[in-house]
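Ligands are counted one by one from 1 in listed order, and the atoms in each one are counted from 1 as well. Not measured: the values here are computed from a predicted model.
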Amino acid sequence: MDRVYIFDTTLRDGDQTPGVNLKLNEKIEIAKELERMRVDIIEAGFAASSQGEFESVRTIASIIKDSIVATLCRTVQKDIDIGWEAVRVAQNPRIHVFISTSDIHLQTMMKKTRDEVIEITESMVKYAKRYCSDVEFSAQDATRSDWDFLIKVLQVAVKSGATTINIPDTVGYIIPEEYALLIKTILQKVDGKYIVSTHCHDDLGLAVANSLAAVKAGARQVEGCINGIGERAGNTALEEVIMAIKVRKDFFNLYTNIDTTRIYHVSQLVSKYSGIPIQPNKAIVGLNAFRHQSGVHQHGVVSNRMNYEIIDPQDIGLPKGGIIVLNKNSGRHGLKAKLVELGYNLTEEQMNEVFSEFKKEADVKGEIRDDELVKIVERTLQTKKT
Ligand code: KIV
Ligand code: ZN
């Protein structure tokens, strides 16, 4: 089985989320958690973007020992000099350089010709390589670029020393089948020894699907952020990719080195520090991801969780309990399981009384919280005694 490397950019692309501004101590805590989760590469920031950013990249680089620490740099000497100064203290440093390859970026933003992009790629990858053996090259807006030109640029990057070539879907534009074909074409046409990486944005809600399609087509590094935060609609949600590769091992025949039992904790941490709540129906880490409300489903999971779950919640480090959500749709099996969870062991007759009281209240209130259920039980048992 082949390994897929996980590249986390929560501290860089994630920190570019509108409204998010992670502080140094928060970044350090997240970086340590990512290392504990065994993320392969942590992109600690964009060192040349400000003095504060430089210091935080450098601090993280000096603390993290097991993961590779990367910093993003434009393909300009000054960025690469500053970036290297920031990550050189790392046990395993990486310089990550990028340049745009789409015509729209070249003509309206960068004012560069295609030939100039090729020249800059060659000279700046070589420049970064003088400092660091581990150089990643990203072709910004790759998915809206002319494929022949993109392949030329990537070939130059590899020949100049890039060991990872990243194919960003910068504006979240591509469709899974198309992305898979692009990755396959790159692997066929670009000679040399390199890893192909994916970096997807979620503008069409396809970032995870695109990343997985790319992996199936041969990409062996996935970039993304915890909880899918990032510019605009966000990046690939790493926890979703990691769990898809694990749960569907039969399909992918691949693995990651991630300790998935750290996922829940790191997700909570990123939500707390980014100030971005996790939507309840979010895959893997949402509040409802392992909760069941309808009577039929509750009956199913009480008999065997796999009737309606494909992931063992302990696999993502979810604290035990809380799988049953009681409301008017719930049946006896769900109610009984919840009562056992709360420490009650009722007789058949008591159960009938409680069930009927619970249904009356649920019809009015909707969801019945644990503390409300306890009150129903106590009240019912009390009435029976008197
Ligand atoms: O989305 C993007 O293109 C990026 C690159 C700079 C890697 O974040
Ligand atoms: Zn990005």
Side-chain angles (χ1 to χ4, degrees), residues 5-18 20 22 40-49 53 57 68-76 79-80 82-83 87 94-106 108-110 112 117 120-121 124-125 128 134-145 149-150 153-154 157 162-174 179 182-183 186 194-208 210-211 214 219 221-238 241 270 274 276:
Y5 292 89
I6 299 297
F7 178 117
D8 179 280
T9 183
T10 306
L11 302 178
R12 199 276 299 168
D13 219 320
D15 197 36
Q16 290 173 215
T17 308
V20 172
L22 297 168
D40 299 292
I41 303 109
I42 298 173
E43 187 160 62
F46 189 164
S49 67
E53 187 75 354
V57 175
I68 293 170
V69 179
T71 187
L72 187 68
C73 308
R74 288 167 301 180
T75 36
V76 293
D79 274 26
I80 298 170
I82 296 173
V87 293
R94 172 178 293 188
I95 296 179
H96 178 191
V97 292
F98 76 97
I99 192 165
S100 295
T101 49
S102 66
D103 286 337
I104 182 168
H105 278 212
L106 263 58
T108 66
M109 190 169 81
M110 297 169 59
K112 296 255 183 271
V117 168
I120 296 169
T121 299
M124 288 302 106
V125 171
D134 187 346
V135 174
E136 172 169 337
F137 172 79
S138 282
Q140 187 173 226
D141 208 14
T143 55
R144 289 194 301 169
S145 305
F149 174 61
L150 173 66
V153 175
L154 294 172
T163 40
T164 303
I165 50 174
N166 187 31
I167 320 299
D169 185 25
T170 304
V171 290
Y173 172 75
I174 209 158
Y179 199 39
L182 176 57
I183 302 293
I186 289 167
Y194 57 88
I195 282 185
V196 172
S197 168
T198 77
H199 177 110
C200 299
H201 282 265
D202 209 29
D203 301 65
L204 291 174
L206 292 171
V208 169
N210 280 330
S211 304
Q221 175 176 291
V222 176
E223 303 192 359
C225 297
I226 300 296
N227 299 338
I229 64 171
E231 284 274 5
R232 304 183 312 282
N235 285 66
T236 296
L238 279 182
V241 167
V270 169
S274 65
I276 299 185

Point to revise | For atom 4 (C) of ligand 1, the protein heavy atom that lies nearest, with its residue and separation | key: H199 NE2, 3.4 Å
**Study point:** Donor-acceptor contact present, side-chain D8 to main-chain T10, <3.5 Å
**Key:** yes
Practice item. For the Zn ion (ligand 2), find the closest N/O/S atom on D13 and give its atom name. Key: OD2
Check your understanding: Is H96 in polar range of ligand 1, meaning some N or O pair under 3.5 Å apart?
Key -> no
Study note, to complete from the structure: Checking I6, T9, I68, D134 against I41 for side-chain contact (heavy atoms from CB on, under 4.5 Å), the one that qualifies is I68
Exercise for review: Under 4.0 Å, heavy atoms only, figure out whether ligand 1 is touched by the backbone of E223, its side chain, both or neither.
Suggested key: neither
Check your understanding: Considering only the protein, which heavy-atom contact is closest to atom 3 (O) of ligand 1, and what is its distance?
Key -> T170 OG1, 2.6 Å
Review point. Applying a 4.0 Å heavy-atom criterion (strictly less than), which segment of E231 is in contact with ligand 1: side chain, backbone, both, or neither?
Key: neither
Study note, to complete from the structure: Under 4.0 Å between heavy atoms, the region of E136 that gets near ligand 1 turns out to be neither
Revision key, fill the gap. closest protein heavy atom to atom 5 (C) of ligand 1 is R12 NH2, 4.1 Å
Review point. Side-chain contact, heavy-atom cut-off 4.5 Å: T143 with N210?
Key: no
**Study point:** Test of proximity, S138 against ligand 1: N or O pairs below 3.5 Å
**Key:** no
Exercise for review: Examine E231 and say whether one of its N/O/S atoms is closer to the Zn ion (ligand 2) than 2.8 Å.
Suggested key: no
Review point. For V57, which of I82, L11, T71 qualifies under side-chain contact (heavy atoms from CB on, under 4.5 Å)?
Key: T71
**Study point:** Contact atoms of ligand 1, heavy-atom distance to H201 under 4.0 Å
**Key:** 1 (O)
Review point. If we only count heavy atoms from C-beta on, is the M124 to V97 side-chain gap below 4.5 Å?
Key: no
**Study point:** Ligand-side contact atoms (ligand 1) for residue partner P168, heavy atom cut-off under 4.0 Å
**Key:** 2 (C), 3 (O)
Check your understanding: Quick one: does D141 get an N or O within less than 3.5 Å of an N or O on ligand 1?
Key -> no
Practice item. May I have the angle between H199 NE2 and H201 NE2 with its vertex at the Zn ion (ligand 2), rounded to 10°? Key: 100°
Review point. Atom CD of Q221 and atom OG1 of T198: how far apart are they, to the nearest 0.5 Å?
Key: 8.0 Å
Review point. Mind checking whether D13 has an N or O less than 3.5 Å away from an N or O of ligand 1?
Key: yes
Revision key, fill the gap. The side-chain contact (heavy atoms from CB on, under 4.5 Å) partner of H201 among L206, T236, D13 is D13
Point to revise | Neighbour count above 12 (heavy atom, 6.0 Å) for Y173 OH | key: no
Check your understanding: Can you check whether L22's main-chain N or O pairs, donor with acceptor, with D15's side chain at less than 3.5 Å?
Key -> yes
Check your understanding: Between CD1 of I174 and CZ of R144, what distance do you get to the nearest 0.5 Å?
Key -> 11.5 Å
